[in-house]
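To keep things clear, I will list the structure first and then write my remarks on it.
Every heavy atom of this structure was used, including side-chain atoms; hydrogens, water molecules and symmetry mates were not. So that the names make sense, note that chain A is the first sequence line, chain B the second, and so on, each numbered from 1. Only a predicted model underlies this, so the values are computations on that prediction, with no experimental measurement involved.
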Amino acid sequence: MDYNFSDIEKKWQRIWREKHIYKTETDASKQKYYVLDMFPYPSGAGLHVGHPLGYIASDIYARYKRQKGFNVLHPMGYDAFGLPAEQYAIQTGQHPAVTTEKNVNRYREQLDKIGFSFDWDRSFKTCDPDYYKWTQWVFIQLFNHYYDNNLQKAQPIEKLAAHLSAQGTEGLNVAQTEPLELSAEEWNSASEKEQQTYLMNYRLAYLADTWVNWCPKLGTVLANDEVVNGLSVRGGYPVERKQMKQWILRVSAYAERLLQGLETVEWTDSLKEIQRNWIGRSEGAAVCFPLAKNDDLDWKKLYMGGNCDVQSEPAFEIFTTRPDTIFGVTFMVLCPEHEMIEAITTPEQKAEVEAYVTWAKNRSERERQAEVKKVSGVFTGAYAVNPITEEHIPIWVSDYVLSDYGTGAIMAVPAHDSRDFAFARHFNLPIRQVVAPQPNEVSDPDTWEESMDSKTGYCVNSGFIDGMTVKEGGKAVIEKIQTMGIGYRTINYRLRDAIFSRQRYWGEPFPIYYKDGMPYPVPESELPVLLPEVDQFLPTETGEPPLARAKNWTYNGYQREYSTMPGFAGSSAYYLRYMDPHNDTCLVSKEADEYWQNVDLYVGGAEHGTGHLIYARFWNKFLFDLGISCKDEPFKKLINQGMIQGRSNFVYRVVGTNKFVSLNLRKDYETTPIHVDVNIVHNDVLDIEAFCNWMPDFKDAEFVLEDDKYICGWEVEKMSKSKYNVQNPDDLVEKYGADTLRMYEMFLGPVELAKPWDTNGIEGVFRFIRKFWRLFHDGEQNFCVSDEEPTAEEYKILHKTIKKIEEDNERFSFNTAVSAFMICTNELLEKKCNKRKVLEPLTVLISAYAPHIAEELWSLLGHDTSVVTASFPAFDEKYLKETSYKYPISFNGKTKYQKEIPLDLGVKEIEELVLQDESVQRWLDGKTPKKVIVVPRKIVNIVC
RNA sequence: GCGGAUAUGGCGUAAUUGGUAGCCGCGCUAGACUUAGGAUCUAGUUCCUCACGGAGUGGGAGUUCGAGUCUCCCUAUCCGCACCA
């Protein structure tokens, strides 16, 4: 029988499906292993060849682990809520649920064709009410908890209310939106609404007025990770800054734990670094700069915020990582959004300041980022007092100070900060050197080209810290401000709280209703809050989200929250749900969670480094605090599969003609490159007939050929329809079979590596698969396996391969494993070895990579069970033992000869043997070697 | 600007972890079988040289008997962050 991959693959896929062969049960007798892929967003375009790369790798590993006796959880589902389905709905009026369903079916069909070992019985979509019920449930828990900094743990909000009732904010060390001072009496005499307002300051999911990334084109706000260079990631539309009331997750409360947790996981250094940068921990000090007395100001109205103990006078709290430079402060800068600008601006400056603030606030995020180098700002007319030097320094406003980092106010040290330097130069503000490489190396800052930002050196012109190193100086300043009660050591994080509302339709509705203007969660018994039907998916005319269109959609007559949750909500706990997907009493049962623990191997793209992978870790840490997840970190080991780029082909049309010139002849012509469908190009040779039929324009095309061929040019680009470089896995499965596709995708190179998709090599893998098939068949293609005992040499080939495959599987080096299979097959073919005792274990080995052909051969070998249940063969060291080793003989490090030497010889004996060797004698030509280095099992090096 | 990674034949890559650089595959060359080849098989294929031989892992130094691998300094490419005080 010929190798008919099409029949074989269909047959086994059917059997696997019918027998639910990959169904996984909790089985306490077996060790668990959890392999997870980042689930896909089912877009209308279907899967391309890049998607399955990670899935194939994880599938191989999952199958391998099963063979090693583990109980493997390997689920798959769909991240189905999100913008594209909704954009499509707005354009066509089709319900997103309908298009999503259609796309999901298409994805499933495509995935099935590749032969994955997913347990589909555990599958769900994030838009299934049975699932999003638990997304909503977690949100309510976030709403009902706050973060206790002393315990480093989330706590029920009732506990906080009790604390406030007993002693007000006294002794409270919690994550909060802004510092509040509240006495027990004030709390106890506050109305329900006032109390709720106070509590909102502490909840882990809170509602607040905030500056957001507003994307008018998408009609929604976006989180920081959904905006790149001022443009939305989805769609690439401009994003503006806008103040809006939004739901926000207090991710920043977990900043330190998110950072610390990175030490305990096996992720790549680069991804850990991406997360560390995103969290952006900075150690430094908060210092209060009192406002200089000014009779024009209403002193009482000025409350500046901050944690300082200075209550008697208005003061700005600033954050600095360089307290050692406090003697070099020559001005202060506030962000344009700063609340106190209006209050402190002097009448003379008022018009100018207002104009600047208005201008700065109305700039789009994109404009602001594009003009980072441009210095702009305005003087408020007010002065602050440097608390250490008691100097008066002018207070300026500029948009280079950000409202959402630190306190939105900075002390400017132009001599030692490049941004302050540029600002001072532009507005002619004084620059004072306070750090020097050596205590005596002081120069005139007016002559400087740039600031001295170095974090090493000595303090100069710096009062009581003069002569200290920068490090000592910083320490001394912090001690001083702490004893003065005007500042403290503190840590700032770049990580911002995540805006959690989206003014869109296709997402999880919030389980929230409003009473007396305050939000309340619906009772848990009311979950899920189903997504209501609406007549149109557009926002309403009043700018309210589409859910405001829903008829009679209230909670007992109270208005519901009309926003929906963002994409990352549904993907933040899905790995927990797979452990226990049908449980309708809780997100995941204690039993299931304790058995499956967390994901052992997570495979997905690095592009989620600052989005999903942060949110999911945050979400999991919160659930860990609640005792729902037994592990602090959700993903133990993570592999980032490299992006697959497209490889486009080009033909070169001579300008003004319908004539096409082959790649290497085009220098004689003036040509324009034109994208050509990669499916009609083979190894960069154009199929001319197919090309003429491809488009009517090319019907009568003429060609200038080289060697009777038309050679196309190529370039690596993004995979996209318009570039005609999309490779669809179905076509390849059709042509070569799933097993070939699987092995080829692995053969392409290391999983982590980004690489252009290039079908050129797939023939080689296809050839190999057929050779493998041929091992089990005679010349007439009849199944033919002998029961003869294999020779020692044949056993050696087998055990060498088992060892290599095991090692490669363990280190996720699937490309080298495929090579090992090829070598093994070539060697066995050469020996014409068709012995059962060799081929049977080999079939098991390859079944993780090419499961269909393995199943078929397994059954031909006479097994009535599936190869899936076979265990990984053990290799026997005795067949791998060498009795001799071919030593490279080097002279001065250069290898000249090889000599076979028995392995049981000692170093001295080897040396003697080598020196007696004829070739060596000839090379030495009578000279005596200075030194002979013998490294057993490695090399003999003769130094002359 | 800051941070991370990578650099090996015409191409994708490999290298027992400091020990014969180029495994495996593509492509290419020659041959066999074929009406034919975008099929199959065999042999060859890092570069220079007819050869002997020499050079060679982005460039330069260093450690070592010995460096693709370790250290330092450059260069290039890719990725992440980017007025984060």
Side-chain angles (χ1 to χ4, degrees), chain A residues 228-229 268-278 280-282 284 318-322 325 333 335 368-369 371-375 398-402 404-413 416-420 422-423 450 453 492-496 606-607 609-610 640 642-643 647 682-685 687 709 714 743-744 747-750 752-765 767-768 770 804 807 813 815-823 826 886-898 929-935 937-944:
Chain A
V228 174
N229 295 329
T268 59
D269 288 344
S270 72
L271 190 64
K272 284 189 193 179
E273 207 51 41
I274 287 172
Q275 291 217 336
R276 279 190 203 109
N277 287 343
W278 187 261
R281 180 191 151 107
S282 311
I318 58 93
F319 173 73
T320 178
T321 53
R322 297 292 303 275
T325 61
V333 189
C335 64
R368 208 181 60 81
Q369 292 195 5
E371 294 169 14
V372 158
K373 293 261 144 62
K374 258 196 191 158
V375 177
S398 173
D399 66 353
Y400 84 87
V401 176
L402 304 178
D404 51 1
Y405 183 79
T407 55
I410 62 153
M411 64 176 213
V413 186
H416 306 289
D417 180 284
S418 50
R419 297 151 307 182
D420 297 345
F423 195 81
E450 55 185 13
D453 293 4
N492 242 296
Y493 299 92
R494 212 194 68 105
L495 183 71
R496 312 287 153 86
E607 67 271 20
T610 55
N640 291 120
M643 194 108 82
R647 185 181 190 275
H682 307 277
N683 292 326
D684 294 335
V685 177
D687 180 337
K709 287 179 205 154
W714 61 274
M743 292 199 101
Y744 183 58
F747 185 65
L748 228 39
E752 302 91 329
L753 216 74
K755 55 212 157 225
W757 176 263
D758 182 354
T759 317
N760 285 345
I762 198 167
E763 302 275 350
V765 176
R767 221 167 275 156
F768 152 73
R770 283 182 323 209
K804 174 80 174 147
E807 283 168 3
S813 178
N815 56 327
T816 54
V818 175
S819 295
F821 280 122
M822 290 177 171
I823 294 167
N826 286 341
K886 256 191 189 165
Y887 276 84
I889 312 293
S890 296
F891 291 86
N892 300 326
K894 267 236 159 318
T895 304
K896 298 288 176 186
Y897 310 106
Q898 280 179 40
K930 271 192 203 146
K931 202 157 62 166
V932 179
I933 294 135
V934 177
V935 186
R937 279 182 154 274
K938 291 269 160 86
I939 201 161
V940 179
N941 191 12
I942 300 166
V943 185
C944 308

key: Note, A:Tyr400 side chain near A:Asp420 side chain (heavy atom, < 4.5 Å)   = yes
remark   = Out of B:rA85, B:rA82, B:rA14, minimum distance to the side chain of A:Thr816 belongs to B:rA14
task = Please report, rounded to the nearest Å, how far the P atom of B:rC83 is from the CE atom of A:Met411.
result = 20 Å
task = Taking only the side-chain nitrogens and oxygens of A:Arg494, find out if one of them lies under 4.0 Å from OP1 or OP2 of B:rA82.
result = yes
ask   = Atom CD1 of A:Ile939 to atom P of B:rA21: distance rounded to whole Å?
value = 8 Å
request  = Using a strict 4.0 Å threshold on nitrogen-to-oxygen distance, state whether A:Lys804 and A:Glu807 make a salt bridge.
outcome  = no
ask   = A:Asp420 CG to B:rA85 C1': how many Å, rounded?
value = 7 Å
key: Sugar-phosphate, base or nothing in reach of A:Val943, heavy atoms under 4.0 Å   = sugar-phosphate
message = For a quick check of understanding: with a heavy-atom distance under 4.0 Å over all strands, which category does A:Asp399 fall into, base, sugar-phosphate or nothing?
response = base
message = Need the glycosidic conformation of B:rG9: syn if within 90° of 0, anti if not. Which one?
response = syn
query = B:rG22 pairs with which nucleotide, Watson-Crick or G-U wobble, both distances below 3.5 Å?
reply = none
message = Applying a 4.0 Å non-hydrogen cut-off, can you work out what A:Val765 is touching in the nucleic acid: base, sugar-phosphate, or nothing?
response = nothing
inquiry  = In whole Å, I'd like the distance from the CG atom of A:Asp758 to the P atom of B:rC11.
reply    = 13 Å
key: Base-pairing assignment for B:rA55 (Watson-Crick or G-U wobble, both under 3.5 Å)   = B:rU46
ask   = Which is true for A:Leu753 with a 4.0 Å heavy-atom rule: it touches a base, it touches only sugar-phosphate, or it touches nothing?
value = sugar-phosphate
Side-chain heavy-atom pair A:Ile410, A:Tyr405 within 4.5 angstrom cut-off = no
Nucleotide nearest A:Lys931 (side chain, heavy atoms from C-beta), chosen from B:rC24, B:rC65, B:rA39 = B:rC65
ask   = Does OP1 or OP2 of B:rG25 have a side-chain N or O of A:Asn826 closer than 4.0 Å?
value = yes
request  = When you get a sec, tell me which of B:rA82, B:rG19, B:rC24 is the closest nucleotide to the side chain of A:Phe747?
outcome  = B:rC24
task = For B:rA61 versus B:rG66, give the span between their P atoms, rounded off to a whole number of Å.
result = 16 Å
inquiry  = Rounding to an integer number of Å, can you tell me how far A:Asn815 CG sits from B:rC26 P?
reply    = 16 Å
query = Considering only side-chain heavy atoms of A:Lys938, which listed nucleotide, B:rG19, B:rC81, B:rA85, is closest?
reply = B:rG19
task = Locate the shortest heavy-atom distance separating A:Thr321 from A:Ser282; write the atom from each residue and the value.
result = CG2-CB, 3.7 Å
ask   = Is there a donor-acceptor pair closer than 3.5 Å between any side-chain N or O of A:Tyr887 and the backbone N or O of A:Gln898?
value = no
Atom P, compared across B:rG9 and B:rG59: separation rounded to whole Å = 10 Å
task = Could you check how far CD of A:Glu807 sits from C1' of B:rA15, rounded to whole Å?
result = 14 Å
Heavy-atom closest contact (A:Arg322 atom, A:Met411 atom, distance) = O-CE, 3.7 Å
request  = Give A:Arg281 one of three labels, base, sugar-phosphate or nothing, depending on what nucleic acid heavy atoms sit under 4.0 Å from its own.
outcome  = nothing
query = Separation of A:Tyr405 atom OH from B:rA85 atom P, in whole Å?
reply = 4 Å
request  = Look at all strands and tell whether A:Glu273 reaches a base, only sugar-phosphate, or nothing, counting heavy atoms closer than 4.0 Å.
outcome  = sugar-phosphate
task = Under a 3.5 Å limit for both distances, which nucleotide forms a Watson-Crick or G-U wobble pair with B:rC81, could you say?
result = B:rG1
Atom-to-atom span, CG of A:Asn760 to P of B:rG10 - whole angstrom = 17 Å
query = When you compare B:rA5 with B:rA85, how far apart are their C1' atoms, in angstrom units rounded to a whole number?
reply = 28 Å
request  = For A:Arg937, answer base if it contacts any base atom (sugar-phosphate contacts may also be present), sugar-phosphate if it contacts only those atoms, and nothing otherwise; contact means non-hydrogen atoms under 4.0 Å.
outcome  = nothing
task = Give A:Pro756 one of three labels, base, sugar-phosphate or nothing, depending on what nucleic acid heavy atoms sit under 4.0 Å from its own.
result = nothing
request  = With C1' as the reference atom in both, quote the distance from B:rA15 to B:rU46 in angstrom, rounded to an integer.
outcome  = 15 Å
task = Syn or anti for B:rU17, please, going by whether the chi angle lies within 90° of 0.
result = syn
request  = Measure from the side chain of A:Thr895, starting at C-beta and using heavy atoms only, and say which of B:rA39, B:rC81, B:rA21 lies closest.
outcome  = B:rA21
ask   = On a plain distance test, is the side chain of A:Asn941 in donor-acceptor contact with the base of B:rC65 below 3.5 Å?
value = yes
message = Once you apply a heavy-atom cut-off of 4.0 Å, does A:Asp687 come out as touching a base, just sugar-phosphate, or nothing?
response = base
ask   = OP1 or OP2 of B:rG4 less than 4.0 angstrom from a side-chain nitrogen or oxygen of A:Arg276, does that happen here?
value = no
ask   = Using the P atom in both, what is the distance from B:rA36 to B:rA14, to the nearest Å?
value = 41 Å
query = Touch check for A:Ser282, heavy atoms < 4.0 angstrom, all strands: base, sugar-phosphate only, or nothing?
reply = sugar-phosphate
key: Distance in Å, A:Leu271 CG paired with A:Thr610 OG1, rounded so as to fall on 0.5 Å steps   = 9.5 Å
Pairwise C1' distance, B:rU57 and B:rA21 [rounded to whole Å] = 7 Å
Touch class at under 4.0 angstrom, heavy-atom based, for A:Ile933 against every strand present = base
ask   = Just checking A:Leu402: base, sugar-phosphate only, or nothing, at a heavy-atom cut-off of under 4.0 Å?
value = base
query = Of A:Met822 and A:Pro750, whose closest RNA chain B nucleotide lies nearer the 5' terminus?
reply = A:Pro750
note = Of A:Pro888 and A:Ala820, the one whose nearest nucleotide on RNA chain B sits closer to the 5' end is A:Pro888
key: Atom P, compared across B:rU16 and B:rC70: separation rounded to whole Å   = 12 Å
ask   = A:Arg767 side chain N/O closer than 4.0 Å to the phosphate oxygens (OP1, OP2) of B:rC41?
value = no
inquiry  = From C-beta outward on A:Asn277, which listed nucleotide comes closest to its side chain: B:rG3, B:rU20, B:rA85?
reply    = B:rG3
Test item: A:Val765 and A:Met822 side chains (from C-beta on) under 4.5 Å apart, heavy atoms = yes
message = Work out how far the C1' atom of B:rU45 is from that of B:rG25, and round it to whole angstrom.
response = 14 Å
query = Any side-chain heavy atom of A:Phe768 sitting closer than 4.5 Å to one from A:Asn826?
reply = no
inquiry  = To check you understand the geometry: which heavy-atom pair defines the closest contact between A:Pro888 and A:Thr895, and what is its length?
reply    = CB-CG2, 3.7 Å
request  = With heavy atoms under 4.0 Å as the rule, sort A:Ser270 into base, sugar-phosphate or nothing.
outcome  = sugar-phosphate
